Each structure stands twice: as C-alpha cells, then as structure tokens.
Amino acid sequence: MKKASVNQRECVACGVCEKNCPRQAITIFHGIYADVNEDLCIGCKRCQKTCPASVIQVVLKEAAS
Amino acid sequence: MKKWNEYLWIFSAVYMVSGFFNILFAWIGLICFITPLLLSIIGKGKIYCNSYCGRGKLFELLGGRLKLSSNRNIPAFIRSKWFRYGFLAFFMTMFTVMIFSTYLVFSGTDNMKEVVTLLWAIKLPWNWTNTSIVSPWIAQFAFGFYSIMLTSTILGLITMFFFKPRSWCVYCPMGTMTQAISILKFGKKAK
Ligand code: SF4
Ligand code: SF4
Ligand code: SF4
C-alpha cells in the first residue's frame, strides 16, 4: 500500500501537511519535522501536493499493514 | 464550523494596511515576533506556525482558496540549510541595523527619518502620518519595523505566486528560528 514518506532532514515543520491530511495521520514532532502515522495514512497524496517545501513523497511501502 | 484561529489572516491583513494610516501601528507587529519565540522557548515547538500565524493563513487564503498561487514546487536550494540560515542571518543583520538606527535617534545622534523602505532599497512614496505626538525614537522604530514587515510580506506574496501558497514558510526567518530553538531543545533531527 502507498504511504506518505517525509524527508525529515529537509522538512521545515510548517504544518501545512498536518492541516491538509484528511486522516489526521501527520503530527509535527516538537516543531522539528512532520511524522506520518502509517496506520492512518491512506496514501491520498494531499500532503505531497500541498507541502511548500516539497519534501513528501507518497511511496509504496512493503506490507505496511 | 471553522475554528477562531482560521480567521487570524484578518489580523495580518489589517496590520499591513494600518501602517499606511498611522505608522505607529507598526509596533503591534512585535506580537508576531515575540509570541512564536516564546512559544518555542517554552517547548511548544512550531505551534505558532502550525496554528496561529496570521500571515501563513493569509497566504493559504490568497494562494489556496483564491488561487493566486501557481502551485509549483520550490527550487530545492531554498529549503537547504544554507539558504534558510543564510536568509535568517541576513534578516537579523537588517534587524540589528534597524535597532541601531533607532538607538541613534534615541541618543540624539541622528534625526528621525520618515521613510519606509521596501526590499531594503525602494523608498515608498507615501505621506506618512505625523508622529510628533511620540518621542522620535518610537517613531523611528515604527518606520524601520514596518519596512521589515512590509518587505517580508511582499517577498512572501512573490513566493506564494510562483510556488505553493505557503512557500514563504520554507525560508521565513521566524519559522527558521522557532525550528532551530526546537531542535536545540529537543535534540537533533531524527532520521
Ligand atoms: S508540509 Fe512539508 S515542510 Fe511542512 S511540515 Fe509537512 S512535510 Fe514538513
Ligand atoms: S497521503 Fe493523505 S492520508 Fe497519507 S499522510 Fe498524506 S494527506 Fe494524510
Ligand atoms: S513560517 Fe513564518 S509565515 Fe509561515 S507560519 Fe511560521 S511565522 Fe508564519
């Protein structure tokens, strides 16, 4: 199944993805980077489309759930 | 039902306009400087950016709902550490220069200059309100601070237009500072 994957090294922790995720699958870890809860993520790509820094990719994860 | 903080863009919009009516309103903008820093210092991370920044919401509204953004991906160098911290350093230098000129007026070395400068070079042609009711340094700070606020808003609007709505947030000095404070507080970035 496809899941969102954040390049946490370059994430600016702006929170745009968190706000746009329809499943509340993203939280901003202590203002440092975005963290995806793969159990909640449905791979809709809304975060990928809205991330201003373009550091999210929705990719195929091996048997994530 | 929309939460109250979704309307904070009104605050930012009114603020940007208010300076043209009375430059002294510029002082109110200090709230947008102090609040995010305090919040991250007490360990709230980037909650200001994530939930309460009026400017971020203004860009979301203009770029998102009103479709004034071309939604392109931002060039990778802008999100690089070098660019973000470099821009922060540049910004802080400009801020220090502004504080210093306020000090020069305060100490009586310099006369107050009634001018708002855009992008550190363009002088705005505007008949600014009379500020003789306050000490000259209070007015000087207002002019300098308003220049910074206006300049960063315009940079933000330009980046919003060319890239995604909140692209300014990638290199916004406040955002970079609050993230840096959070990293200092909670340790290095993982992964
Ligand atoms: S939108 Fe992008 S840059 Fe902003 S917090 Fe999410 S992953 Fe990070
Ligand atoms: S892909 Fe969709 S569900 Fe998954 S984190 Fe992004 S916005 Fe949320
Ligand atoms: S990065 Fe700057 S403009 Fe964006 S939400 Fe944070 S303080 Fe506001």
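Please read all numbers here as calculations on a predicted model, not as lab measurements. Quick note on labels: first sequence line is chain A, next is B, and so on, each numbered from 1. Below, all heavy atoms of this structure are taken into account, side chains as well, without hydrogens, waters or symmetry copies.
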query = Quick one: NE2 on A/His30 to NZ on B/Lys46, what's the gap to the nearest 0.5 Å?
reply = 15.0 Å
key: OG1 on A/Thr50 to CD on B/Glu60, rounded to 0.5 Å   = 9.0 Å
ask   = Relative to chain A, which of B/Thr178, B/Asn73, B/Ile78, B/Thr159 shows the most heavy atom pairs under 4.5 Å?
value = B/Asn73
Report, as yes or no, whether the 6.0 Å neighbourhood of atom [atom1] on [X] holds more than 12 heavy atoms from other residues, nucleotides or ligands.
X        : atom1 : answer
B/Trp4   : CH2   : yes
B/Trp120 : CH2   : yes
B/Phe33  : CZ    : yes
B/Phe87  : CZ    : yes

key: Proximity breakdown for B/Lys164 and chain A, heavy-atom pairs closer than 4.5 Å   = side chain
inquiry  = Using heavy-atom distances under 4.5 Å, tell me whether B/Ser167 contacts chain A through its side chain, its backbone, both, or neither.
reply    = both
key: Residues in side chain to side chain donor-acceptor pair (under 3.5 Å) contact with B/Ser107, at least two apart in sequence or another chain   = B/Thr109
query = Under 4.0 Å between a Lys/Arg side-chain N and an Asp/Glu carboxylate O for A/Lys19 and B/Glu6?
reply = yes
Hphob cluster co-occupancy, [X] + [Y], side-chain heavy atoms under 4.5 angstrom:
X        : Y       : result
B/Leu66  : B/Trp9  : yes
B/Leu118 : B/Val17 : no
B/Met92  : B/Val97 : no

query = For A/Cys14, does its backbone N or O pair with a side-chain atom of B/Arg166 as donor and acceptor, under 3.5 Å?
reply = yes
query = Sub-3.5 Å donor-acceptor pair from the side chain of B/Gln179 to the main-chain atoms of A/Cys11, do we have one?
reply = yes
[X] and [Y]: which non-hydrogen atoms are nearest, and at how many Å?
X       : Y        : result
A/Val12 : B/Val170 : CG1-O, 3.8 Å
A/Glu18 : B/Asn50  : OE1-CB, 4.1 Å
A/Ala53 : B/Arg79  : O-NH1, 2.7 Å

